[in-house]
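Values in this document were obtained by computation on a predicted structure and should not be read as measured data. Naming convention: chains lettered A, B, ... in sequence-line order (proteins, then strands); numbering from 1 in each chain.
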Amino acid sequence: MTVESTAARTPRSAGSGSKRAAKTVSAKKDSAPGRGTPRGKSTARGKGGAAGSGEPELVQLLTPEGVRVENAAYDSYVADLTPDDLRALYRDMVITRRFDAEAVTLQRQGELGLWPSLLGQEAAQVGSGRATRESDHVFPTYREHGVAWCKGVDPTLLLGMFRGVNNGGWDPNTNGFQLYTIVIGSQTLHATGYAMGVAYDGADSAVVAYLGDGATSQGDVAEAFTFSAVYNAPVVFFCQNNQWAISEPTEKQSRVPLYQRAQGYGFPGVRVDGNDVLACLAVTKWALERARAGEGPALIEAFTYRMGAHTTSDDPTRYRRDEEREAWEAKDPIKRLRAFLESEGHADEGFFAELEAESETLGKRVRDVVRTMPDPDAMSIFENVYADGHALVDEERAEFAAYEASFADEPVNAATGGEAK
Amino acid sequence: MTVESTAARTPRSAGSGSKRAAKTVSAKKDSAPGRGTPRGKSTARGKGGAAGSGEPELVQLLTPEGVRVENAAYDSYVADLTPDDLRALYRDMVITRRFDAEAVTLQRQGELGLWPSLLGQEAAQVGSGRATRESDHVFPTYREHGVAWCKGVDPTLLLGMFRGVNNGGWDPNTNGFQLYTIVIGSQTLHATGYAMGVAYDGADSAVVAYLGDGATSQGDVAEAFTFSAVYNAPVVFFCQNNQWAISEPTEKQSRVPLYQRAQGYGFPGVRVDGNDVLACLAVTKWALERARAGEGPALIEAFTYRMGAHTTSDDPTRYRRDEEREAWEAKDPIKRLRAFLESEGHADEGFFAELEAESETLGKRVRDVVRTMPDPDAMSIFENVYADGHALVDEERAEFAAYEASFADEPVNAATGGEAK
Amino acid sequence: MTVKKLPLAKAINESLRTALDADPKVVVMGEDVGKLGGVFRVTDGLQKDFGENRVIDTPLAESGIVGTAIGLALRGYRPVVEIQFDGFVFPAYDQIVTQLAKMHARALGKIKVPVVIRIPYGGGIGAVEHHSESPEALFAHVAGLKVVSPSNSSDAYWMLQQAIQSDDPVIFFEPKRRYWDKGEVNTDAIPGPLHTARTVREGTDATLVAYGPMVKTCLEAAAAAADEGRSLEVLDLRSVSPIDFDSVQASVERTGRLIVVHEAPVFFGSGAEIAARITERCFYHLEAPVLRVGGFHSPYPPARVEEDYLPGLDRVLDAVDRSLAY
Amino acid sequence: MTVKKLPLAKAINESLRTALDADPKVVVMGEDVGKLGGVFRVTDGLQKDFGENRVIDTPLAESGIVGTAIGLALRGYRPVVEIQFDGFVFPAYDQIVTQLAKMHARALGKIKVPVVIRIPYGGGIGAVEHHSESPEALFAHVAGLKVVSPSNSSDAYWMLQQAIQSDDPVIFFEPKRRYWDKGEVNTDAIPGPLHTARTVREGTDATLVAYGPMVKTCLEAAAAAADEGRSLEVLDLRSVSPIDFDSVQASVERTGRLIVVHEAPVFFGSGAEIAARITERCFYHLEAPVLRVGGFHSPYPPARVEEDYLPGLDRVLDAVDRSLAY
Ligand SMILES: Cc1ncc(C[n+]2csc(CCOP(=O)(O)OP(=O)(O)O)c2C)c(N)n1
Ligand SMILES: Cc1ncc(C[n+]2csc(CCOP(=O)(O)OP(=O)(O)O)c2C)c(N)n1
Ligand SMILES: [Mg+2]
Ligand SMILES: [Mg+2]
C-alpha cells in the first residue's frame with residue numbers, strides 16, 4: 001500500500017493524545033444568544049441567525065487569519081484534537097489540493113477528458129470527511145475528491161471515469177464511499193434509503209450525503225429531506241454551497257440561505273464556515289453523533305467557494321468577476337490552518353517541507369498511473385450490464401465478437417455478423 | 001344560463017353594502033404575540049406558532065360553535081362582508097355539498113365510475129375560491145368541486161371525467177379554472193409557470209395552486225416552491241390538509257406542520273382553520289393581495305378533514321377510526337356558519353328553505369344531465385391528439401374507420417384494414 | 001404438493017408473504033401498501049404480520065420510493081416497491097433509468113441493486129386518466145432493467161419469487177384487469193426460467209404472441225378462430241426484456257405467420273421489436289409480414305371508449321384474416 | 001437571399017434569435033442558458049440582447065423547468081426549453097409524458113401547449129456518463145409529442161423555426177457531435193414540411209435511413225460503398241414522430257433493401273418501428289429483412305470505448321454486406 005493511502009486510513013476521530021491543541025484565543029464563555037446547544041432538536045433549529053436579515057451567522061472556529069475563536073456549542077467536538085491531529089488535517093488538505101491540481105494538469109495534457117476541481121473546498125471536504133467513522137457511509141457528488149481521500153480511496157481510482165476508461169472505478173463497499181453520482185441530487189435519496197437500512201439494522205453508524213448548492217433545487221433532494229425526516233433516518237446532508245452551479249449563483253436556487261431549508265422539513269440546519277476545517281469537522285461530528293443517537297437527519301450548509309472553473313470545460317470569466325475570487329482567496333482554508341499551526345508552534349519548516357515532498361510523490365504517482373491506465377477492451381461493453389445475465393446481451397456480444405473477428409481474418413469472410421439466420 | 005351558475009358568477013370580493021356583518025364577540029384588540037401583521041414578509045414567516053411545540057395555532061375567525069372571534073391580522077379582510085355576502089358563502093357551501101352528495105349517489109348507481117368527495121372541505125374551498133378575482137387563475141387537484149363552483153364552472157361539466165366520457169370536460173380559459181390534475185403535485189409547477197407569465201405580463205392578477213397534504217412530499221411541489229420563490233411569482237399554494245392521503249396520515253408525509261415548509265423556501269406559510277370559511281377567505285385574500293402586489297408566493301395550510309372516503313373506491317374503515325370522524329363532525333363548516341348566521345339574525349327559515357329547494361333543483365339537474373350524457377364516439381380516440389395533426393394518427397384513424405366499416409357491411413369484406421399495401 | 005386456486009392478486013400477495021418469510025432482507029414499500037393493504041389489496045395483511053419496518057407505507061413521492069429502495073438495496077436489502085398505478089411511475093423514471101438500471105455496470109459489477117418494481121398496468125377496468133396505461137416499452141428499451149409480466153396466477157406467484165431472487169432490477173408489470181381471475185398455484189412446484197415464453201395453445205396456421213392481460217384475449221381469439229376452422233398457436237411471452245426470440249422463432253418457423261398483440265401503443269411498442277427481429281430470423285419462413293395489434297397513437301382514452309381502444313378478440317381476428325390473406 | 005455558412009450550433013443560435021425577435025411570446029429557458037450562453041454556447045448572447053425575462057436562467061431542476069414552461073404556455077407563451085444533456089431529461093420525464101403530451105387531448109383541444117424541448121444528444125464527444133445518450137425512442141412512443149432531429153445547419157435553423165411555430169410540443173434532438181460542422185443556411189428560404197424525410201443521396205442497391213448525427217456517417221458509408229461499386233441511397237429521416245414512412249417506402253420499393261442506422265440501442269429503438277412498418281408496407285419488395293445498426297443493449301460505455309459502441313462506417317457497411325448477401 002502506498003504511503004498516502006496508508007496514512008489516509010488512520011482514524012482521526014479518537015483523540016490520540018491528551019494535550020488539547022485547538023486552543024482558543026477569544027475569552028467569551030457564553031454561547032451566542034439564539035444559538036443554543038446543538039444537541040437539542042428544537043433549539044438547534046434555525047441556528048445561524050434570523051431569516052432575511054442579511055448574511056446569517058456561520059459557525060466558525062478559525063478566523064480567516066487563523067485565529068481560534070471560541071464557540072460554546074461546538075468547541076467540545078474539537079476539544080481532543082492533538083497537534084498531530086491538526087497537522088494531519090493540514091496534510092489532508094494539502095495533499096487533496098495537490099492531487100486536484102495534478103488532475104487539472106493531466107486534463108490539460110489530454111490524459112483526462114474532464115476534471116471537476118475542488119479547489120477552495122478542501123476544508124469542507126476534509127473537515128466533514130474526517131468527522132466520519134469507518135463504518136459511516138458516504139454518498140458523494142462528482143467533486144468529493146477530498147472526502148474520498150479521507151475515506152481511504154486510492155486517489156488514482158477517481159481518475160478512471162474522467163479519463164473515460166470506466167464510469168466509476170472503485171469498490172463502494174471497501175471504503176464506505178459510494179461511486180460518484182452525476183445526475184444532480186439522485187444520491188441524496190440513495191443515502192436516505194441506506195440510512196433507513198442502517199436504522200432497521202440497529203447499526204451504530206450514519207450516512208453522509210454530499211450535495212451542491214444547485215442540487216438543493218432538485219425534487220429528489222426535497223424528497224430525501226421528507227423521507228429522512230419521516231423515517232428519522234441517520235443521514236447528514238452536507239451541502240457545499242460553493243456559490244455557483246456552473247454559471248448560476250445561489251440566488252437562482254433560493255432566496256433565503258440554504259441551511260434554512262431543513263427547518264421546514266423538521267430537522268436542524270446549520271451554516272458553517274466551509275473554509276474552516278475545524279468548524280466543518282465539529283459541526284459534522286455533531287450532526288453524525290445526533291444521527292447515530294437516533295435523532296435523525298440534519299442539514300449542514302458549508303459556506304465556501306469554487307475557486308476554479310466548474311470543470312475544465314468551463315470558462316468562469318463569462319459569468320463572474322475576478323474580484324469575487326480574490327475576496328475568497330483571503331479566506332483560503334489551507335493558509336488559515338497553516339497560520340494557526342504556525343502561531344501555535346504546532347508545525348515547523350521540516351513538517352511543511354516533508355509534506356511538500358510527499359505531495360510531489362503523490363503527484364508523480366498519479367501521473368504515472370494515469371498515463372499507463374489501459375483502455376478497456378471493446379468487449380467490456382457487454383460486461384456487467386446484468387448481474388444474472390440477459391439473452392440479448394449474450395446475443396449482441398457474440399455478434400460483435402464475430403464482427404470484430406471478421407476484420408482479423410482478412411480476406412474478409414462474407415458471412416459476417418454471425419447471426420442465427 | 002342556469003340559476004346556480006349565474007349566481008356563481010356574482011363577484012363577492014367587492015363589499016356590496018356598508019353594513020359590516022361579520023361582527024366579532026371577542027374583545028381582545030391586540031394581535032397575538034409572535035403573529036404580527038400578515039403584510040410584512042419577515043414577520044409573517046413562521047406565523048402560526050413555534051415548530052415542534054404541539055399543535056400550532058391556526059387562524060380562526062369563527063369558532064366551531066359559530067362564534068366570531070377577533071383577529072387583528074385578518075379581520076380587515078372580512079370587514080366589508082355584508083349579510084348578503086355571508087349568506088352567499090353559506091349558499092356556496094350548501095350547494096357544493098349537495099352537488100357532491102349527488103355525485104356520490106350517482107357513482108353508487110353506476111352512472112359515474114368514481115367520485116372523490118369533498119365532504120368536510122367546503123369551507124376551505126369556498127373560502128379560498130371566493131377570495132379569487134375573476135382574473136385570478138386556479139390550478140386544482142381532482143377534488144376542488146367547490147372551487148370550480150366559485151369560479152363559475154357548470155358543475156355538471158365536472159362529472160364527465162368521472163363518468164368516463166372525457167378526461168376533462170370544461171374550457172380552462174373560460175373561467176380561469178384549469179382542468180383537474182390527477183398526477184399528484186404536477187399542477188403546482190403549471191401554476192408557478194403561469195404566475196411567472198402573469199408577472200412578465202405585468203398583469204394585476206394572481207394564481208392559486210391547490211394541493212393536498214400528501215402532495216407536499218412530491219418533488220414537483222418542492223420545485224414549484226423553489227421556482228416561485230426565485231422568480232417571486234404571484235402564486236398562492238393552497239394546501240388542504242385533510243389529514244389523509246388515501247390511507248396515510250399526514251405524519252407519513254412530514255414530521256412538522258406543513259405550513260412550516262414555506263419558510264425554508266423564503267416565503268410565508270400560514271395555517272388556517274380549514275373548516276372556517278371566513279378564515280379561509282381572509283387568509284387567501286391576504287395571500288392573493290400580497291401576490292398581486294409583487295410580494296411573491298405564500299403557502300396556506302387549510303387544516304381540515306376528509307369526512308368521507310378518499311374516493312368511492314376507498315374503504316376508510318380499514319385504516320381509521322370512526323371516533324376521528326365524529327370529532328371532526330363537531331367542527332362542521334356548514335353548521336358553524338349557520339350558527340353564526342342564526343345568532344346574528346342574518347338568515348331566517350325562509351332563506352334556509354329556499355336554499356334547500358335550490359339544492360334539490362341542482363341535484364335533479366345534475367342527475368338529468370349525467371344520465372343523458374352521451375358516450376363519446378369511438379373515432380374521438382383520434383381527435384385532439386395533436387393540434388397540428390400527425391401522419392400516424394391520420395393513418396390509424398383511417399385504418400380504424402375501415403375496420404369499423406367492415407362490420408357494418410356484412411357480409412364481411414375480405415379487404416379489411418384499409419392499409420396501403 | 002400444495003395447490004391452491006387463487007385470484008391473480010392473491011397469488012401475488014402469497015408470493016410476497018413467502019418472500020418476506022423466507023428472507024429478512026425483503027421489504028415491501030409503497031404508497032398505502034401497509035395499513036390499507038394497497039388499493040388493490042395485493043399487500044393485504046402483510047404489514048400486520050411483518051410489521052412497519054418490513055411493509056413500509058411511504059410518503060407520496062415515487063422518485064423517493066425508488067431512490068430510497070436503491071439505497072436500501074445498497075445496504076443489503078431486497079426491496080419490492082409498489083407503484084400504485086402505471087401512470088404514476090414516471091416521477092420515478094429518472095431514478096429507474098439513470099440509477100437503478102446503470103449502477104451495476106457503473107460499479108463494474110461490484111454492487112448489485114436487486115429492486116423489484118411492481119406496477120399494476122393496463123386498461124379495461126373503467127378507470128380515470130393515468131390508471132390504464134401500458135408503458136413496458138419505455139422500460140424494455142433501457143439496458144440494465146429486466147421487464148416481465150405474468151398472465152395468470154401461477155406465473156404471478158412464481159415469477160415474482162424469481163424476480164425477488166434476481167440480483168438485477170426487475171420491472172414487474174401486473175395485469176390489473178386480471179387481478180380477479182382465478183388460477184391454480186402450486187407453491188411447491190419447481191418453476192421454469194423467468195425469461196422464457198410458454199406455448200399456451202398449439203396451432204398451425206399462425207402464431208399469436210402476447211403477454212400479461214392480452215394472453216387471455218388471444219386464447220379467446222384462438223378458440224373463436226378454431227370454430228372457423230383456423231388453428232392458431234398462442235405464445236405467452238412472459239418476459240419483455242429479455243424476449244425469448246428463440247421460442248417465437250420456433251413457432252413462426254412452423255406456422256409462417258405472426259401477430260403480436262399488446263395493449264400498449266403499437267408505435268415503438270414491443271410488437272415493433274418482435275416484428276423486426278423475427279423478420280430477420282425467419283425471413284424465408286414468413287408467409288406474411290408480422291402484424292401488430294395494439295393501442296393507437298393517442299393518450300389512453302376515457303373509459304367509455306376504452307373497449308374500442310383496447311385490442312379485443314375481433315381486432316385480433318381481423319389481423320389473423322389479414323395475415324392469412326397474404 | 002441571405003445565405004450564411006454556419007456551424008450547426010450557431011444555426012440554432014440564429015434560429016432562436018429570429019424567433020425571439022419575431023414573437024414576444026417566445027422565451028428561452030434552462031440551466032445556464034443566460035449569462036453563460038449554454039454549455040455549448042448555443043444560446044450565446046441571447047440574454048444580453050433580449051433580457052432576463054426572455055432568456056431565463058432557471059433553478060437546477062428539470063421537472064421544474066418543463067413544468068413551469070407548461071404553465072407559461074398556458075399563459076400564452078411559447079417556451080423553448082433547453083435540457084443541458086440527454087441524460088438529464090429524465091427528471092422532467094413525468095411532466096413531459098403525463099402533462100405536456102396529454103394536455104391538448106385532455107382539454108378536448110381547448111388548450112395548446114406549444115413547448116419546444118431542445119436536447120443535445122448522442123455520443124462521440126468523449127464525455128462522461130449521462131452525456132452521450134440517445135433517448136428518442138422514449139419520446140416517440142408517447143402520443144402527443146412530436147420528435148425531430150436535424151442533421152445539418154440548414155435543417156437546424158429551419159426545423160427549429162417550425163418547431164417553435166408548431167402548436168404541439170416538440171422534442172428537438174440536437175446532434176451535439178455535429179454542433180461544430182458547418183453548413184449553408186438560407187434564412188430567406190421557404191422550408192419544406194417539418195416531418196418529411198429527405199433523400200440526401202440517391203442510389204439503387206440498398207437504402208440507408210438515418211437521422212441526426214448518423215446521417216453524416218451514412219453518407220460516408222455510401223461514399224465508401226461507391227468505391228466498391230455499390231450504389232446506396234441515403235434518407236435523412238429528420239422526424240422520428242411522425243415518421244415519413246411514405247418516403248422510406250418509396251425508396252425501398254426501388255432498392256429492395258433497407259438498413260436503419262441510429263446511435264440509440266437497437267432493442268425497442270426507431271429501427272424496430274421502421275423495420276416493422278416498412279416490412280408490412282413493402283413485404284413483396286424486400287429482398288432482405290430490414291437490418292438495424294445501432295447501439296447495444298448496455299449503458300452508454302466509457303469514452304474510451306465509445307467508438308466501438310457507436311455505429312460507424314464499418315458497421316454500416318457490414319450491414320449492407322449482410323443485406324446484399326440475401
Ligand atoms: C439532473 C442534472 N441536470 C443537469 C446537470 C448538469 N450539471 C452538472 S453540474 C451542474 C451544476 C451543479 O451545481 P451544484 O449542485 O452547486 O454543485 P457544484 O458543481 O457547484 O459542486 C449541472 C447543472 C446534471 N449533472 N444533472
Ligand atoms: C404521482 C401520483 N402518485 C400516486 C397517485 C395515487 N393517488 C391518488 S390520490 C392520492 C393521495 C393524495 O393525497 P393528498 O395529496 O393528501 O390529497 P387528497 O386526496 O387527500 O385530497 C394518491 C396516492 C397519484 N394520483 N399520482
Ligand atoms: Mg455549487
Ligand atoms: Mg389529503
Before giving the answer on side-chain contact (heavy atoms from CB on, under 4.5 Å), spell out for B:I182 and C:F88 the whole-Å C-alpha distance, their side-chain angles and the decisive distance to 0.1 Å.
CA-CA 9 Å; B:I182 289 175; C:F88 307 139; 3.9 Å; yes
C:E62, C:R315, C:E31: which one forms the most heavy-atom pairs within less than 4.5 Å of chain B?
C:R315
Top of B:E383, B:E248, B:K252 for chain C proximity - count of heavy-atom pairs under 4.5 angstrom:
B:E248
Would you please test C:L60 and B:Q218 for side-chain contact (heavy atoms from CB on, under 4.5 Å) and show each step?
CA-CA 6 Å; C:L60 207 177; B:Q218 282 286 4; 3.6 Å; yes
Could you check if a side-chain atom of B:M161 sits within less than 4.5 angstrom of a side-chain atom of C:E129, using non-hydrogen atoms only?
no
Sort by residue number and list every member of residues 366-376 of chain B having a non-hydrogen atom under 4.5 Å from chain C.
B:D375, B:P376
Which atoms of B:V165 come close to chain C, meaning under 4.5 Å heavy atom to heavy atom: side chain ones, backbone ones, both, or neither?
both
Please evaluate residues B:R318 and C:D44 with respect to the criterion side-chain contact (heavy atoms from CB on, under 4.5 Å), reporting the C-alpha separation (whole Å), side-chain torsions for both, the decisive distance (0.1 Å), and the verdict.
CA-CA 10 Å; B:R318 293 177 69 97; C:D44 194 23; 2.5 Å; yes
Taking the inter-plane angle between the rings of B:H390 and C:F267 on a 0 to 90° scale, is it parallel (under 30°), tilted (30 to 60°) or perpendicular (over 60°)?
perpendicular
For C:K35 and B:Y319, the nearest pair of non-hydrogen atoms, with its separation, is NZ-O, 3.8 Å
Under 4.5 Å from any heavy atom of chain C, what part of B:Y142 do you find: side chain, backbone, both or neither?
neither
Begin with the C-alpha distance, continue with both residues' side-chain angles, and end with the deciding distance and a verdict on side-chain contact (heavy atoms from CB on, under 4.5 Å) for C:H130 and B:V183.
CA-CA 8 Å; C:H130 310 293; B:V183 180; 3.6 Å; yes
Got C:P59 and B:Q253 here, is their nearest side-chain heavy-atom distance under 4.5 Å?
yes
Which bit of C:S298 is near chain B, if near means a heavy-atom gap under 4.5 Å: side chain, backbone, both or neither?
both
Contact part of B:I184 toward chain C, heavy-atom cut-off under 4.5 Å: side chain, backbone, both or neither?
side chain
Using non-hydrogen atoms and a 4.5 Å limit, figure out which bit of B:F382 sits close to chain C: side chain, backbone, both or neither.
side chain
With side chains defined as the heavy atoms from C-beta onward, is the minimum distance between C:D308 and B:F400 less than 4.5 Å?
yes
Would you say the side chain of C:V305 lies within less than 4.5 Å of the side chain of B:D377, judging by non-hydrogen atoms?
no
Check this for me: C:E52, atom CD, are more than 12 non-hydrogen atoms of other residues, nucleotides or ligands nearer than 6.0 Å?
no
Answer yes when C:R41 and B:D315 have at least one side-chain N-carboxylate O distance shorter than 4.0 Å, and no when they do not.
no
Under a 4.5 Å heavy-atom cutoff, which of B:L114, B:N384, B:N166 has the most pairs with chain C?
B:N166
Is any side-chain heavy atom of C:V39 closer than 4.5 Å to a side-chain heavy atom of B:S313?
no
Applying side-chain contact (heavy atoms from CB on, under 4.5 Å) to B:S254 and not counting sequence neighbours gives B:V256, B:L258, B:R261
Using non-hydrogen atoms and a 4.5 Å limit, figure out which bit of B:L392 sits close to chain C: side chain, backbone, both or neither.
side chain
Proximal component of C:F90, with respect to chain B [non-hydrogen, under 4.5 Å]:
neither
Taking the side chain as everything from C-beta on, heavy atoms only, tell me whether C:D314 gets closer than 4.5 Å to B:Y403.
yes
Would you mind checking which part of B:R397 comes under 4.5 Å of any heavy atom in chain C, side chain (CB onward), backbone (N, CA, C, O), both or neither?
neither
Look at the side chain of B:E396 and the backbone N and O of C:F296, then say whether any donor-acceptor pair between them is shorter than 3.5 Å.
no
In terms of heavy-atom pairs under 4.5 Å with chain C, which of B:N167, B:V221, B:V385 leads?
B:N167
Interchain contact, C:Q47 with chain B, by part (heavy-atom threshold 4.5 Å)
neither
